[in-house]
Peer 1: 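Here it is, the structure, as structure tokens.
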Amino acid sequence: MDKNNNIISVSPTGLRPALGLLILCQTLEELGLDHSAASKITGLSRNQLETPGCLIKSGQEIAFIEATLAANTRPDLAYLVGRRYHFGVFGIWGLALICSKNLLQAFQVAQEFVELTHSFVGLELSVEGPVASIALRDHYPAGAVRNFVVERDLIVTLGIATEAAGQKLPLLSLEVAIPRPGHALEIERLVGCPVEFNALHTRASLSSDLLQIILPQSNAVTWSACVRQCRELITRQHGGHSFTHRVQRAIADSAFQGIQTVAHALGVPERTLRRQLQREGTSYRVLNQKTRLAMAQQFLADDILRLDQVAERLGYSEAANFSHAFKQWCGITPGQYRRSTRDGSAEKPL
């Protein structure tokens, strides 16, 4: 928005979708609660929030939530807001999740493109033997806004995962880094397990076998198209100036010839490239692997190239080296992955 609160059509760095505030307003209206004070403080009207593609500053969203919580003391507001979400709310990001092969791939997509949502927390998936953990990372000091965001985004995450899987996910445990609310029993009934409040982290644990269950709406071709669109949207949302995404594009364009080739293509010294990526919270190794995996899945899903041709395009001198790396990433061979996308009924990873 400009100084007159007009919506900016271009998406410069630092702006985010206004969707979260729109859903908050809709929930307040259904409950007969007021959001006029928040609108006045932030200069964000209901009509502006409804404008397709509306982008706002993160500070405006935080101020809007803070003013809303000050004016409305309903303790279960975050829970009720979170329950309103479904995958269709998130557009192409939601479609990419629902069309993923399995929950593992869906969480990878969610992590990579979380900027396309309005979430203030990051997702972190880890697997240790038979147990997988989904953690929400937040960086806010304790307070009402942090508690609201953590509870809302936890409910959203579990709801979207359940919708994608087509079944309620049986959690082994759930820790939540907020004080125990008055509606704690309602949250426990929703998740189906005891909840530890006042925990150090917000984290759900489940059987790692569930990550490999084939999703009922899995579609490799649609997934591949959605992932490409997600990348394009993030680039536009950053005004085309995100260094991380410029590096990812250069990695792909260079056919994975190495960091020196990428640095030369971007016109920066290798040390500068590494330092800038570190400032953006990532590394060349992470981006190289992420780009390779995404392109491998796209090539295999499109079913056009032979495996040796896929390996060559991904910078491998031998198809066997590519197959070994792919199996480390996904738990199955490229051939198994390709067959699963062709017939829609993937073989269970070994």
Side-chain angles (χ1 to χ4, degrees), residues 1-2 5-29 35 38-39 41-68 77-78 80-99 106-107 109-123 136-140 145-146 148-157 159-161 163-164 226-242 244-245 280-281:
M1 308 187 91
D2 63 16
N5 295 321
N6 296 315
I7 296 171
I8 299 171
S9 57
V10 181
S11 174
T13 302
L15 297 185
R16 49 193 283 110
L19 175 66
L21 293 189
L22 176 60
I23 293 178
L24 173 57
C25 287
Q26 292 170 340
T27 306
L28 291 169
E29 290 163 3
H35 56 74
S39 295
I41 290 172
T42 60
L44 295 171
S45 71
R46 181 71 157 74
N47 289 339
Q48 288 173 321
L49 296 177
E50 286 184 328
T51 303
C54 177
L55 297 169
I56 59 176
K57 295 178 181 178
S58 59
Q60 287 177 301
E61 183 161 359
I62 293 170
F64 195 103
I65 294 173
E66 188 173 31
T68 297
L77 182 59
L80 295 175
V81 171
R83 293 281 284 161
R84 288 185 63 95
Y85 285 76
H86 55 86
F87 83 92
V89 165
F90 294 101
I92 201 69
W93 183 86
L95 186 57
L97 263 61
I98 214 78
C99 290
F107 279 118
V109 169
Q111 286 177 297
E112 181 173 358
F113 304 117
V114 70
E115 291 176 69
L116 294 179
T117 74
H118 59 276
S119 177
F120 280 107
V121 302
L123 282 176
L136 300 188
R137 302 190 311 272
D138 70 275
H139 306 286
Y140 282 110
V145 172
R146 175 185 176 274
F148 175 90
V149 169
V150 168
E151 182 178 351
R152 178 198 66 183
D153 288 6
L154 171 67
I155 299 301
V156 172
T157 300
I160 297 295
E163 191 173 9
C226 289
V227 166
R228 284 194 291 268
Q229 289 187 52
C230 284
R231 288 201 178 94
E232 292 169 1
L233 285 171
I234 282 186
T235 300
R236 290 205 296 269
Q237 193 161 299
H238 280 270
H241 299 301
S242 167
T244 294
H245 288 89
E280 295 190 9

Peer 1: Please report the closest heavy-atom contact between Gly20 and Glu61, naming both atoms and the distance.
Peer 2: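 Heavy-atom minimum between the residues: CA-OE2, 4.3 Å.
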Peer 1: Dump the intermediate steps for side-chain contact (heavy atoms from CB on, under 4.5 Å) on Val81 and Leu28, then the final yes or no.
Peer 2: CA-CA 9 Å; Val81 171; Leu28 291 169; over 6 Å; no
Peer 1: Just checking Arg84: does its CZ atom have more than 12 heavy atoms from other residues, nucleotides or ligands closer to it than 6.0 angstrom?
Peer 2: yes
Peer 1: Is the backbone of Ile92 close enough, under 3.5 Å, to the side chain of Gln229 for a donor and an acceptor to pair up by distance?
Peer 2: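 Not at all, since once roles are kept as given, no pair shorter than 3.5 Å links the two residues.
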Peer 1: I'd like to check Val149 versus Arg146 (side-chain heavy atoms, cut-off strictly below 4.5 Å). Are they in contact?
Peer 2: no
Peer 1: About how many Å separate CG of Leu80 and CD1 of Ile23, when rounded to the nearest 0.5 Å?
Peer 2: 13.0 Å
Peer 1: Measure the CD-CG distance between Gln48 and Leu21 for me, rounded to the nearest 0.5 Å.
Peer 2: 11.5 Å
Peer 1: Roughly how far, to the nearest 0.5 Å, is CZ of Phe64 from CD1 of Ile56?
Peer 2: 8.5 Å
Peer 1: Could you tell me whether Glu163 atom CD has more than 12 heavy atoms of other residues or ligands within 6.0 Å of it?
Peer 2: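 Counting neighbours around CD of Glu163, more than 12 heavy atoms of other residues, nucleotides or ligands fall under 6.0 Å, so yes.
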Peer 1: Hey, could you give me the SG/CZ distance between Cys230 and Phe90, rounded to the nearest 0.5 Å?
Peer 2: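 Spacing of SG (Cys230) from CZ (Phe90) equals 12.0 Å.
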Peer 1: What is the distance from atom CG of Asn47 to atom OG1 of Thr51, rounded to the nearest 0.5 Å?
Peer 2: 7.0 Å
Peer 1: What distance separates Phe113 CZ from Leu233 CG, expressed to the nearest 0.5 Å?
Peer 2: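 With rounding to 0.5 Å, CZ (Phe113) is 9.5 Å from CG (Leu233).
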Peer 1: Show the nearest heavy-atom pair for residues Ala38 and Thr68, with the distance to one decimal.
Peer 2: CB-OG1, 3.5 Å
Peer 1: Check Leu22 against Arg46 and note the closest heavy-atom contact, atom names and distance.
Peer 2: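 That closest heavy-atom pairing would be CD1-NH1, 3.3 Å.
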Peer 1: Grab the two heavy atoms, one from Ala96 and one from Val109, that are nearest each other, plus how far apart they are.
Peer 2: CB-CG1, 3.9 Å
Peer 1: Any idea which heavy atoms bring Ile98 and Ala164 closest together, and the distance?
Peer 2: CD1-CA, 3.3 Å
Peer 1: Hey, is Arg228 close enough to Glu232 for a salt bridge, meaning N to O under 4.0 Å?
Peer 2: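 Here Arg228 does not pair with Glu232 in a salt bridge, since their nearest N and O are not under 4.0 Å apart.
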Peer 1: Val156 and Tyr85: which non-hydrogen atoms are nearest, and at how many Å?
Peer 2: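 Closest approach of Val156 to Tyr85: CG2-CD1, 3.5 Å.
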